[in-house]
Amino acid sequence: MTEDAKAAKERYKSTVLLPKTDFPMKAGLQEREPALQQHWDATNLYGQIRKARAGAKPWVLHDGPPYANGDAHTGTGMNKILKDMVVKFRTMQGYDSPYVPGWDCHGLPIEHKMLEELGGTLPEGTTALQLREKCLEYANKWIDTQRNQFKSAGVLGRWAQPYLTTNPLYEANVLRVFRELMARGFITRAKRSVHWSWAAKSALAEAELEYEDRTDPSVYVRFPVSSCGKDCKFREMVEARDDAAEVWKSLALLIWTTTPWTLPANVAVAAHDKAEYVLVRYTRGGKREYMVMAEALLKSVAEKAKLADVQVLETFRGEVLRGVGYSHPFLDTACPLVFADYVTLEDGTGLVHTAPGHGKEDFETGKRERLPVVCPVDESGKFFVGERLRKDLGVSTTFEDTRGWLKMLEGQNVFKANPLIVNKLREEGWLLHDEPVHHSYPHCWRTHTPVIFRATEQWFVQVDHVDPDKTLNPQAKTLRQRLLDEIAASRWFPAWGQKRISSMVENRPDWCVSRQRYWGIPIPAFADAHGQVVCDPELLDHVIALVEKHGSNVWFDDANWPVEKLLPEKLRGRKLTKLTDIFDVWFEAGSSFQAVMRADPELAGKGLAEGNRAPHAAMYLEGDDQHRGWFQVSLILSVATTGVSPFRDCLTSAFVVDEKGEKGSKSKGNIWAIDKGVKDLGADLIRLYFASMNTSEPIPVTYKLIQNHGETYRKLRNTWRGLVGNLFDFDPARHMLPRNELLPIDQWALSQCAATVEAVTAAWERYEFHVAMRALHDFANVTLSAQYMDLRKDSLYCDAATSKQRRSAQTAYWVIADTLTRLLAPVLAHTVEDMWQHLPGKDRPASAHLAHWPTLQGWLHREPALDERFELLLKLKAETDRVLDRLRKEKKVGKGYDTAVSLGANAEGLEWLGKLGTPEHLTSLLPEMLNVSAVGFDPSTDHAALQGYEPAADIRGLWLKVTESAEQDCVRCFRRTGDVGRITAHPHLCTRCASVVEGT
RNA sequence: GCGCCGGUAGCUCAGCUGGUUAGAGCACACGCCUGAUAAGCGUGAGGUCGGCGGUUCGAGUCCGCCCCGGCGCACCA
């Protein structure tokens, strides 16, 4: 370039309309986000949104309450972010979508922690009330912490008035649910065998169990056959044998168990009436013995126990054993053989040790066979074997503990007693064989100790009860069936959630809702002098009123709230004592549909009401572990009391894991508080990350993985910045062109934008966030940045500021920037606020979160013809790009404007090009499309043979040649259009630029 | 053990009712530009679509079996 040209270039540079914007390239999320959040608080953005959507169609995502204990980590953080994205999306769609966050505040973990601080147990002189106050304080502390953590992630909601399960109003509504269940006959109080945590000293529900591996003794025990009934076929069979006398002398039923500690409570042996059993003779330790067991298991037992001379003497069906009796090896009591369907031939001996006090199935069998329920284990898992046990077992009054069984067990923890029992069984010769067995076993989810079954009086919700109310249950179905119906009537995302929860509900037992703890809502019931339980709707109404006014502490505050005050009029004066059970925390959380959705003044009346069904929340959104937890208990309580599922949509996400796919836990150190991540990485980046992941599969969460998405964030941000940088002199109110006057390329861009709106909206409607993010990213990165914007630079920079071509591009840029901002708003909650401020135009709400979701109307619609046309043009560009790149690498050319392209085509190629226009039209159109200075046609026919031409890779019948342009370049627009200097006043400019310069 | 979901380039994901040489972005390599500049553009390499069999003219896509990962149920005596 000559000195003259250089000077000219400098001179004209100021006439080039280069992009300008204050929207920074660098996000600085760490500083920017807290500032924005403060601004949202200060301007009460959440309140503004409520006001703006007042009266609109409601769409409520009802929050599942996290537990108010510990930091909100990545998993809880993700859950809140996903909820926030959905709520923001629905809000933008125009729905009134209030979000009332909540916390689960009662329960064992907090109580446990507070008791630990007090030294393990409630100290002398400390009242339950004082403990509860400590618990409340602790819960409230964590609520504050978690609230700040959630807010730091950009989650918008009614943070000032969340719902807390400790609110008196909430508590009263939990009791109302209970009252309703009782009035409808769902509630029963009964002695049953339930999961029991001896460490927590409380009953547990299914949802409170976690299966962990442990090793237990697997023992095969001989129960001596003592007496057989009169018409006993087994007895006749043995009597018919020559060796009958010898058989009777050492005959035993062989049972198997992995819980030797339940043997003291044994009251029966169960067999299967249809299974094949055998009478076996064998030698053990030089002694000949006889036993009965299942045929199918004999071989494995004989091998394990190393029995010698094993001989099957008789083979017979289980029913033959009817009438057989045996004596308890510890206590010499007489016990029966019974039959049960659950006896299998997979493990053990086919003869099942039955202790109704310590097993669910055993309990059922015991009930059917009228067996005594023996439970010599106290609430802390220790044996008590005094008078009570003897009485329960029907041990004769003359029985003396000569062999020392009772003495040995007294006061022992059941699991500590296992080896003692095994040893003693061995000593006394009852033990045929023992070995360790490694299996998974239910553990208490909070204390991580193995649970036991223990028969106790508990409160139950009966799942198979039929509500007689014809209005709510016209077809007289069981609750279980109604639950399944309601599950089928709800929408599940992902769809397999429906199957999962259905099978759980099909198989679940009655729900034990009582707990023997302090930190919770009391089950208001009394016992009279005879131990009869007094509890009815009227009594409940009275207590509910008190609780609503004074909180559930009334039940624990003996000083201020003596029993008399807790009683309704009709019961006053009766000598009643308070029962002390509290509700399972799941009962509390499961009542939120009533306590929050129906009772909260802001939410009441905002349920979705479809047909004549009772209104319910539009969505519940939790981790998929809640199929067994919150979703299920909420369903049970809601369907039983209102007849309808508490939600229309149920969206679940998988768990957060680390890079190795392992579940996060504090001890592994692969888990961190969400606000720490926010501080280090930025809330929007974390939000973008979660939105980009398929949340139905386990979600790995590490700093590195999230940082990898920084590139996506930057690309979105810079592309948007590129759009708005070209709008510095554009005021949409004054400069927008009508849609149909836009240049084809700008119309095409809007068509692509419309396609993106379509795809993103569809994905959001299905809650497939990552599909939406991909569509957005591809649009920004490919369609906009690489294709469209690259091609529009020349016009935006070099055409006259107010020219139609430039205004056309700006119009499209503005619409796209505006649309993009809205589409990103649910995810990049903070970034879009800055975008919103930097986007020209005044006629908009103050915040992007008050804006509406783009729809395919007005500016945004598809233009299939243009889409097709530009697809072809871009295909042609790919061809020239490939050739261009090779020339660059050969150092023959630099930028595209330094080159000229020559096209050659045979009949097929001409037809292809014909779809784009006439050759004359193409020579003027293509340079801009291909980002080169000139495009020409070679009229020859046989291009294959022509020097310098090469065939296109993906377009048949087309050849191309790219050469360095011989023309002079324009110092203003860099193009070599062949007309530089034609206007003599500007010897270094092309005609276009000269006229632009003249016009300014 | 039973059931559900998944296994496509180093990473994140597309591939609809089976149909031309399996796609995108990121990352990587090599270049260009220096007027989106701690930016932008282009090109390229990279995949036995978990494995084996089957149906079919044709399978990543359908069927069967198996392997791996995740989850759920059950593991009871």
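Just so it is clear: chains get the letters A, B, ... in the order the sequence lines come, proteins before strands, and each one is counted from 1.
At the heavy-atom level, A:Lys360 lies nowhere under 4.0 Å from the strands shown. The residue A:Thr262 sits apart from the nucleic acid: no heavy atom pair falls under 4.0 Å. In this structure, A:Asp624 reaches neither bases nor backbone, as no heavy-atom distance under 4.0 Å exists between it and the strands shown. Within the 4.0 angstrom heavy-atom criterion, base atoms lie near A:Asn718. At a threshold of 4.0 angstrom between heavy atoms, the contacts of A:Trp496 are confined to the sugar-phosphate backbone, with no base atom among them. A:Val437 comes within contact range of no nucleotide atom at all, as no heavy-atom separation falls under 4.0 Å.
The base of B:A24 sits within donor-acceptor range of the side chain of A:Arg774, with an N or O pair under 3.5 Å. Evaluation of atom-type donor-acceptor distances gives no pair under 3.5 Å for the side chain of A:Lys793 against the base of B:G40. For A:Asp881 against B:G42, no side-chain N or O and base N or O form a donor-acceptor pair under 3.5 Å. Between the side chain of A:Thr259 and the base of B:A77, no donor-acceptor pair under 3.5 Å is found. Judged by distance alone with a 3.5 Å cut-off, a donor-acceptor contact links the side chain of A:Lys889 to the base of B:C30.
Among the nucleotides B:A77, B:G40, B:G35, the one closest to any side-chain atom of A:Phe974 is B:G35. When each of B:C13, B:C4, B:A27 is scored by its nearest atom to the side-chain atoms of A:Arg500, the top-ranked nucleotide is B:C4. Side-chain atoms of A:Tyr797 lie closest to B:A36 of the nucleotides B:A36, B:U12, B:G42. Checking B:A77, B:A36, B:G25 against the side-chain heavy atoms of A:Asp778 singles out B:G25 as nearest.
Annotated stems with RNA chain B as a participant read B:1-7 with B:67-73, B:10-13 with B:23-26, B:28-32 with B:40-44, B:50-54 with B:62-66, given as range with range, by first number; only runs of 3 or more Watson-Crick or G-U pairs under 3.5 Å qualify.
Ring pair A:Phe631/A:Trp492 is perpendicular by interplanar angle, where above 60° counts as perpendicular and below 30° as parallel. Note: A:Tyr689 and A:His709 have perpendicular aromatic rings, judged against thresholds of 30 and 60 degrees for the angle between ring planes.
Applying the side chain to side chain contact (heavy atoms under 4.5 Å, CB included) criterion to A:Pro494, with sequence neighbours excluded, gives A:Trp496, A:Thr652, A:Ser696.
Under the side-chain contact (heavy atoms from CB on, under 4.5 Å) rule, A:Leu776 has a single partner from A:Thr712, A:Asn781, A:Thr756, which is A:Thr756.
With a 4.5 Å cut-off on side-chain heavy atoms, A:Pro450 and A:Pro442 do not count as touching.
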In a table with atom names and distances, give each donor-acceptor pair under 3.5 Å that connects a side chain of residues 353-364 of chain A to protein atoms at least two apart or in another chain.
unit_1   : atom_1 : unit_2   : atom_2 : d
A:His353 : ND1    : A:Asn266 : ND2    : 2.7
A:His353 : NE2    : A:Thr262 : OG1    : 2.7
A:Thr354 : OG1    : A:Val352 : O      : 3.0
A:His358 : ND1    : A:Phe453 : O      : 2.8
A:Lys360 : NZ     : A:Glu206 : OE2    : 3.3
A:Asp362 : OD2    : A:Ala355 : N      : 2.8

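A:Asp867 and A:Gln752 form a side-chain donor-acceptor contact under 3.5 Å, judged by distance and modelled atom types alone.
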